Each structure stands twice: as C-alpha cells, then as structure tokens.
**Student:** 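I'd like to ask you about the structure that follows.
Remember, it's a predicted structure, so these values are computed and weren't measured experimentally.
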Amino acid sequence: MLPDMPMDLFRSEEMQLVQLIIPAEAAHNTIAHLGEIGLLQFRDLNPDKSPFQRTYANQVKRCGEMARKLRYFKDQSVKAGILPSSPAPLDKDFDLDDLEIKLAELEAELLEINANAEKLLRSRNELNELQLVLEKMDAAVHQREFEEASSGREITSDTALLLEQVVHDTGHTNSLEQSLPQEMVSDPGKQMRLGFVTGLVPKVKAATFERILFRATRGNMYLKQEELDEPVVDPATAEEVEKVVFVVFFAGERARTKIMKICEAFGANRYPFPEDPQKQRQMHSEVIARLSELQTTIDAGNRHRDSLLNNISYQIENWASLVRREKAIYHILNQLSIDVTRKCLLAEAWCPVYAKSEIQDALHRAVTMSKADVGTIFQTIRSGESPPTYFKTNKFTVAFQGIIDAYGMARYREANPGVFTIITFPFLFAVMFGDWGHGILMLLASLWLVKNERKLGSQKLGDIMEMVYGGRYLILLMSIFSIYTGFIYNEFFAVAFDFAIFGGSAYTCRSPDCGDAASAGLVKTGNTYLFGVDPRWKGSRTELPFLNSLKMKMSIVLGVTHMFLGLGLSLCNALFFDLPLNIWYEFIPQVLFLASLFGYLSLLIIVKWVTASQADLYHVMIYMFLNPAEPLGENQLFWGQGTLQIVLLLIALVSVPWMLFPKPLILRAEHMKKRQGRAYAALNSDNELYEMEALHPGEEGHVQQHHHEDEFEFGEVMVHQMIHTIEFVLGAVSNTASYLRLWALSLAHAELSAVFFERVLLPAFESGNIIFIIIGFFVFASATVGVLLLMETLSAFLHALRLHWVEFMNKFYTGDGYKFQPFSFDTITDDEE
C-alpha cells in the first residue's frame, strides 16, 4: 500500500477535523511537539471567555512580563553599543521558572547599576557646571569691585564708583543707586550690603530671563552674563544644552526671594560662589579632584554594566525564543476545553489528511516524555464547517500562489489557478514587455537574486527589496519570456537584427541606398522570415500599421484562449464537486456563447493570417449583428461563412436564456419534490437532532444549519442567476476588449525604446564627439533603467495582474475560503520579530 502523499498544487490539500483528548500532565509537552511539526490549526473552544478568564492567563502574563524584561535588555545593549553575540547552547533542564528567576535578578542588578550611574552622572554634570561658574565669574568680575559690593562696609566713594559702573554696563536709567533709600546714600553712617546669585541658564531663555529680572526688581539689580563656547550636559535632562553663566547682584531680602523664584521658573541651576579668592581657588581644586573621582567611578560602573550586558547577549536570543515558545503554547492551551475533573483537556484542530501519521508520532513522543499514565486520544470528527485551504508551496511556487491569494483565498478543494499562473502570468507580461535586450538585463538581475538567495534571505531587507526578493523566480520567468517575445517582435533596445539562421529578410529596398524605404515601401524578393518579425519592417512606411494589426489580433487570440482556459477550469470544479446543473446550464451555454462570437472572431483572424486575405474583419463582425443575411462579397474568407454566421448568431441568442432560466426552475422543482416526500415520511426529527447533538457537542450552529438547510428562496436564486448571466454576457465583450491592453502596452514599450534610441543615443554617436557620446549614453542608460526597466515593468506587471484577477479568474474562481494557519513555532518567531 502506497503511503499517504500530499495533493499537488492544482487542488488544496484534503483536510480533516480531529479531536484530541490530552492528559493534563502531558498537555504542555503535547502542544510543544505539535508546534514543532506545525500541522494543526486549533479551534478556540472557549470563545465566550475573555483572555483574563482563561485557565492559563497567569502563565501568559508571566511570559509577557519576561518578554518585557528581554526587550529592556536589548534596548540597554543597543544604547551601550553591544551587538548580539552568537547564541550559546541552552541547558535542556533550564525551564521557564528558572528563566523567570534569572531575568528578575538580572533586571534588578541592571536597574541598580543604571540608577547609580544616573546619580553619578548627575553629580558630574553639576560639578561641571560649578567649575564653569567658578572659571567664568572669576574672569568676569573684578575682584576689588566684587569684594566691596559683597562686603558689609559703608557706601564709600569706591562703592559709588561700582554703582556708576552698574549704570554704565546695564544702561538702566533707574539705577541701583537711585533706587536705594536716600538716607543710605547721602548719610555715610548708613550701611548697605549687596547680595548675589550665580548659576547657569539656557541660552534661548537668557534674554527673557534678563527682562523678567529687570521688571521684577524694578531695575534694582545688576546682571552679568558670559556665554559658554560649547554646550553643556544639563543635570536634570542629561541632554546637551547651550547655556550662559550669570551673576545677579541685588539689594534686600525681597529682591533675593523674587530672583530665586525667577531662577526656578526658568530652569536656571544656581551654584555657590565664595567671596574670598582663596576659597574660590580651594573650591575649584576640590571640584577638579571630585570630578576625577566621579569619572573613575563612572568608568568602573560602565565596565561592570557592559560585562553584564555581554553575558546577557550570549543567551538573550535563546531566552527570547524560549519565552515566545512558552507564550504561544499557553495561548493554545487557553483555547482548549478542560474536563470537569481537570484531568484531561479537549482540543479540536484542522490538519491535512496526509499528516495523520506524523501527528500521531508527535503525540506519542510527548506522552513518553511526560511519563503520563494514558496516551492522547486522536480521532477524526465530522463538521459542517468548511475546512481551511492549504496549498503546499516551495520557494519557486510561493510567489505565484501569492498572486492568487492576494485576490482571495481559494475555496476548499476548488481548482487553483496558481498552477497555470506559473506560465500565463510571465507570458502575458512578456507580451507587453517584449524586448530581448531588456529581458537580458532582467535575467541578469534575477539570476543575481537567485544566486544570493541564502545571503539575502538571512538579512533584514527593506519593504521594496523584500518584495523583489520574494518574487525572484517570478522575475526570472518574466525575463525568459520577455527574451522570447523580444525575438518574436525582433526588438533589441529598439534595434532589429537580421539573423542568418532564420533565413534572412524576405524584403529588399527599391533603390540601392534604401532612401525610399520609409515612403515607397519594400519589395518582397525572398522566402518569409522564419521566426519573428522581418527586420526590414523596422523603419519602413508600413511598420506601424503592420505591427498594430499584428499585435491587436494577437491580443484578441491570446485573450479568448485565456478565457476558454478559465471556462475549462469551471468544468473541472463542476465535475469534482458533482454539480451537473453547473455543467449543463452554465458551462455549456457559456462556452457556446463565447465560441459563437469571439471564438469565431479568433478563427477569422487565424484564417486571414494563413490565407493572406484582405478581408475587413471589422465589417464582417459588425454586419454579422446588423444584417446577418447580407452577402459578404470580398470579405468572405471561406465557403459557407455566411450560413455559419447565422447559425452562430442563433446559438449565441439561445445561450442567454439557457443560462438564465433552467437552473433556478430545476432547483425549485427539486425543492418542491423534497417537501412533498417529507409530508408522508415518518416524523423523527427529534431523534435526529438528539443524535447530531451527541455527535457534535457544543456545535449548536451545526445543528441549526442542518435544521434549516432545506430553506429555499426562489426569488433570491433567480436574481442571483440573472446577475450571473448578465455579468457573463457583458463581461465576454468587455473582457475581450480588455485584452487589447496587451497590444497597447507592447506598442508603448516599443515606441519609448525607439524614442530613447533614436533621439538620445543615436544623435550622440553620430556627432562623433566623445563628450556627447558619454553624456548621450548616460542619459540613454538612465532612461532605460528608470523608465523601461522600472516603470514599464511595474506597469506591465499590474496589467498582467488585472488580466488574471478579472478577465481569467472570474470565469471559475470563487475565492471565499480561508487560509490554513497551523500552530508553528517558526511562524510565531517570524511574527514576533
């Protein structure tokens, strides 16, 4: 007996709903082993419970807290400039509880180190500012004036000179001397003592700070400011700020209180400034010594922190992986139903049929590791729910399948257009992009991506580069087909080549210099060019009409063939799902309608090519509808064409009601027949419902669905069929016209290539000037890469995407399924990262 093998890509894998009855002591290991193989998509059996009401909510919370600590460690490592090291092997006996204790200890130690470092840095920054105050104020204020202003002597003539200097420096008309009590100035017996405040204030606030001080003290102060050459680190914010050193002289306790409040409001840091010069020098020396000690202590703390972070970096990836795995396991355990006795857990999951033996092996290993008394029960159950869709892809087919999935996930087991897209998508792209010179450049780029796929796959790429890398094999096929169609069009950067292996051109010029080739045309003297377009058409008088006619007719033939392929896949779906009504009353009339109109048009095109007839196909198709009985005359391509057209027109007319009426009427008749049969049958609905509830416990929706499955709305079915019929009839015309974009994009690509070659590169080479040649080649290369290889590639890609999504897939593709998303540690790790 052959082993179970996975289904190919044409249809999704056959799925089954399984039920697992897991012993409680083996639950954790069972989910862990199932996460490693990644073949089960679990169903949530507790949809009514919030995340906080579930059994393993505390374990999930613990994992979240540990994940937070690990993120904190990573942030600290980044700030310290420590790169993640190669992960060391993790001890097998190291479990989540040990990791929780370890992380708590490391976090506490790191927080303590950071707190101490923050205090030390704040102290160092404060000492730096104090040092700047001592240096700047010592140079800014004359020592003799400072001693007199800050001493408690009488206001003598020397002190008066200081007050005059204050007036001169500040420019204030309301001077400190004028504002002093009159008796204290005129009476030498009175004494006056000046106070002062020193510190630093941000430079951006310095002007406002000065104005507020002046207004608050009514000019009874003297402010001296000195700008610093370099920004300083603010002790409060630990950020570099441009500041100025200031000293404020004032008189009276009220002025002092006001100045202190203003300093606090402006964020000015105040520092002591000794009056005695000797004390100033002593304080300056102490500050320098203290700064040296603090720097030594800070360096030692940084070395200890870096050592701790280095030790963490060796294991942080392993710890993060362990936390992610454990959190995912408990998240799945929260979806399971726990038995009343709490001895076992009930799980339901979707899995591929071919994976049954692999899943059973994983369950056996989990039970053995857990040393449970009983094993896990694995059984298949029935369900009325549609299974998920699962296509097993590889690195080559994943890009093509992604194109289909972007439109909509295939319904379970319906025909997958991704198989045909592997060929049709790059081919239709190449029809619009055909140039074997541009195709070679794309081929080189795609080969580089394929060659370095391991290196690029391990790196973190940008969004655009990630998409390009993911579609590397798609680009490879697009480039190969572009080279093929480029040979068909005989286009190489807008240059046509006369290959001898294809027999040479069949046309010659009328004159030796070919001067009249673009006006009088060419003369056929040889056999037809064997492969592709004859190179003599390039630059001739009839080049554009010939290529337009060729590409337009080719687009119609390719489009009709593509649509017939879609109808063929609809037949495959009807046969697979055993839907005879869809075959007789949808597929057959649709084929007849499409063949009688646009299939006939494609036949006329091929006959005209083969016979080299001059018949006007526009006239033939128009008057096929307006006047079917009119003789074709010189537009007749074969005998009996007029009679055939009438027959085809009648078939097309009959096909429309054939699609519209029979299917809804037959469905209604079948429904009425079932209702009459049930009227005389035994009434055993209660027993049936009881049996279904026993088979599907907790699935009330399934029982209700079975109870109401015989409901039939004839009006709804008729409207749906009418919409489907109208959409197909009108779509047959619009879709065929839509394929003309193949002609339009191909023409645009060829004309742009010709413009860049004839208007940029060719004049540069004809000039003979090496500078013009270099400039012309640079402009040509830039335009080719930027416009033709990037913008035109994107344009052709999007148009090919539209032709597949709308014109091709609407003939058969439902796209209302949902993707199979198994529980796997690999995908969880990627999502978390």
Side-chain angles (χ1 to χ4, degrees), residues 6-15 352 386-432 467 470-471 473-478 480-481 555 557-579 582-583 586-587 590-591 594-595 598-599 724 727-728 731-732 734-736 738-739 741-742 796-820:
M7 183 64 179
D8 56 12
L9 197 61
F10 183 63
R11 295 196 185 278
S12 61
E13 300 291 345
E14 188 176 356
M15 307 296 289
S386 177
T389 302
Y390 174 46
F391 293 108
K392 199 169 185 179
T393 58
N394 52 38
K395 63 182 181 181
F396 178 80
T397 58
V398 64
F400 299 95
Q401 189 60 46
I403 292 175
I404 305 302
D405 294 345
Y407 176 80
M409 183 56 58
R411 180 180 291 181
Y412 177 65
R413 302 288 284 168
E414 78 170 323
N416 179 24
V419 178
F420 304 93
T421 304
I422 296 175
I423 299 299
T424 59
F425 189 91
F427 177 72
L428 292 182
F429 169 86
V431 170
M432 295 179 279
M467 290 189 293
Y473 289 102
L474 173 61
I475 299 174
L476 177 64
L477 287 186
M478 286 161 51
I480 293 174
F481 277 101
S555 299
V557 173
L558 293 176
V560 173
T561 304
H562 202 209
M563 289 189 289
F564 270 114
L565 175 60
L567 291 177
L569 292 178
S570 70
L571 175 63
C572 294
N573 283 334
L575 291 173
F576 182 82
F577 293 111
D578 192 19
L579 302 172
N582 289 3
I583 298 174
E586 286 187 358
F587 169 73
Q590 287 175 357
V591 170
L594 189 62
F598 301 103
H724 183 71
E727 181 182 7
F728 180 82
S734 63
N735 292 348
T736 305
S738 182
Y739 278 96
R741 71 185 66 236
L742 299 174
F797 181 90
L798 294 177
H799 283 284
L801 199 64
R802 159 28 198 266
L803 291 176
H804 280 77
W805 282 357
V806 179
E807 279 71 30
F808 172 56
M809 291 166 57
N810 70 350
K811 303 294 185 297
F812 68 96
Y813 192 68
T814 307
D816 59 353
Y818 62 101
K819 188 176 182 180
F820 177 61

**Student:** Using side-chain heavy atoms (C-beta onward) and a distance below 4.5 Å, is M563 in contact with Q590?
**Tutor:**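 No, every pair of side-chain atoms sits at 4.5 Å or beyond.
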
**Student:** Kindly state each residue pair satisfying salt bridge (charged side-chain N to carboxylate O under 4.0 Å, His left out) with at least one member in residues 796-809, sequence neighbours excluded.
**Tutor:**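 Non-adjacent pairs meeting salt bridge (charged side-chain N to carboxylate O under 4.0 Å, His left out): R802-E807.
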
**Student:** Atom CZ in F10, atom CZ in F391: separation rounded to 0.5 Å?
**Tutor:**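 The distance works out to 10.0 Å.
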
**Student:** Do E586 and L579 make a side-chain contact, defined as non-hydrogen atoms from C-beta onward lying under 4.5 Å apart?
**Tutor:**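 When only atoms from C-beta onward are counted, L579 and E586 do not touch, as no gap falls below 4.5 Å.
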
**Student:** If we ignore hydrogens and angles and just use 3.5 Å, is the side chain of T397 paired with the main-chain N or O of T393 as donor and acceptor?
**Tutor:**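 Checking the backbone N and O of T393 against the side chain of T397, no donor-acceptor pair under 3.5 Å is found.
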
**Student:** Supply the atom-to-atom distance M478 CE to F429 CZ, rounded to the nearest 0.5 angstrom.
**Tutor:**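 Interatomic distance, M478 CE to F429 CZ, rounded to 0.5 Å: 3.5 Å.
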
**Student:** Please check if the side chain of N573 supplies one atom and the backbone of E414 the other of a donor-acceptor pair under 3.5 Å.
**Tutor:**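 Not confirmed, N573 side chain does not pair with E414 backbone.
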
**Student:** Could I get the full list of salt bridge (Lys or Arg N to Asp or Glu O under 4.0 Å) partners for K819, not counting sequence neighbours?
**Tutor:**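 Listed in chain order: nothing, the list is empty.
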
**Student:** To the nearest 0.5 Å, what is the distance between CG on L569 and CG on L565?
**Tutor:**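 One gets 5.0 Å once the value is rounded to the nearest 0.5 Å.
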
**Student:** Look at the rings of H562 and H804 and say which category their plane angle falls in: under 30° parallel, 30 to 60° tilted, over 60° perpendicular.
**Tutor:**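 Rings of H562 and H804: perpendicular, as their planes differ by over 60°.
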
**Student:** Would you please classify the geometry between the Y407 ring and the Y813 ring as parallel, tilted or perpendicular, with 30° and 60° separating the classes?
**Tutor:**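 The arrangement is tilted - the two ring planes meet at 30° to 60°.
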
**Student:** Would you name the heavy atoms of A796 and M432 that are closest together and state the gap between them?
**Tutor:**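 So the two residues come closest at O-CE, 3.3 Å.
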
**Student:** Please enumerate all residues that pass ring pair (Phe, Tyr, Trp, His ring centres under 6.0 Å) together with F577, with sequence neighbours excluded.
**Tutor:**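 Checked F577 against ring pair (Phe, Tyr, Trp, His ring centres under 6.0 Å); zero matches.
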
**Student:** Restricting to salt bridge (Lys or Arg N to Asp or Glu O under 4.0 Å), what partner residues turn up for R411, sequence neighbours left out?
**Tutor:**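 Salt bridge (Lys or Arg N to Asp or Glu O under 4.0 Å) list for R411, sorted by chain: D816.
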
**Student:** Taking the six-membered ring of F576 (Phe, Tyr or Trp), confirm whether the NZ or CZ of R413 is under 6.0 Å from its centre and within 45° of its axis.
**Tutor:**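 Judged by the rule (NZ or CZ under 6.0 Å from the ring centre, within 45° of its axis), R413 is not positioned above F576.
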
**Student:** Working to the nearest 0.5 angstrom, can you tell me the gap between I404 CD1 and F420 CZ?
**Tutor:**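 Between I404 CD1 and F420 CZ, I get 11.0 Å after rounding to 0.5 Å.
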
**Student:** In Å and rounded to the nearest 0.5 Å, what is the CG to OG1 distance from L803 to T424?
**Tutor:**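 Spacing of CG (L803) from OG1 (T424) equals 10.0 Å.
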
**Student:** How about L571 and L567: do any of their side-chain heavy atoms sit closer than 4.5 Å?
**Tutor:**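 Result no, sub-4.5 Å side-chain heavy-atom pair not found.
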
**Student:** My understanding is that only residues two or more places apart in sequence, or in another chain, count here; which of them pass ring pair (Phe, Tyr, Trp, His ring centres under 6.0 Å) with Y473?
**Tutor:**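 Partners of Y473 under the ring pair (Phe, Tyr, Trp, His ring centres under 6.0 Å) test: F396.
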
**Student:** Please report the interatomic distance CG(L9) to CG(N416), rounded to the nearest 0.5 Å.
**Tutor:**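 Spacing of CG (L9) from CG (N416) equals 5.0 Å.
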
**Student:** Could you go step by step and tell me if Y739 and V560 meet the side chain to side chain contact (heavy atoms under 4.5 Å, CB included) rule?
**Tutor:** CA-CA 9 Å; Y739 278 96; V560 173; over 6 Å; no

**Student:** Tell me whether S738 contacts the main-chain N or O of S734 through its side chain, where contact means a donor paired with an acceptor under 3.5 Å.
**Tutor:**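 Flag not set: sc S738 to bb S734 has no pair under 3.5 Å.
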
**Student:** With a 3.5 Å distance limit and no angle check, can you tell me whether T389 reaches the backbone of A410 through a side-chain donor-acceptor pair?
**Tutor:**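 Yes, the answer is positive, given that a donor and an acceptor are paired below the 3.5 Å cut-off.
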
**Student:** Name all residues meeting the ring pair (Phe, Tyr, Trp, His ring centres under 6.0 Å) criterion together with F797; count only those two or more places apart in sequence or in a different chain, and write none if there are none.
**Tutor:**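 With sequence neighbours excluded, F797 shows a ring pair (Phe, Tyr, Trp, His ring centres under 6.0 Å) to F425, given in chain and number order.
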
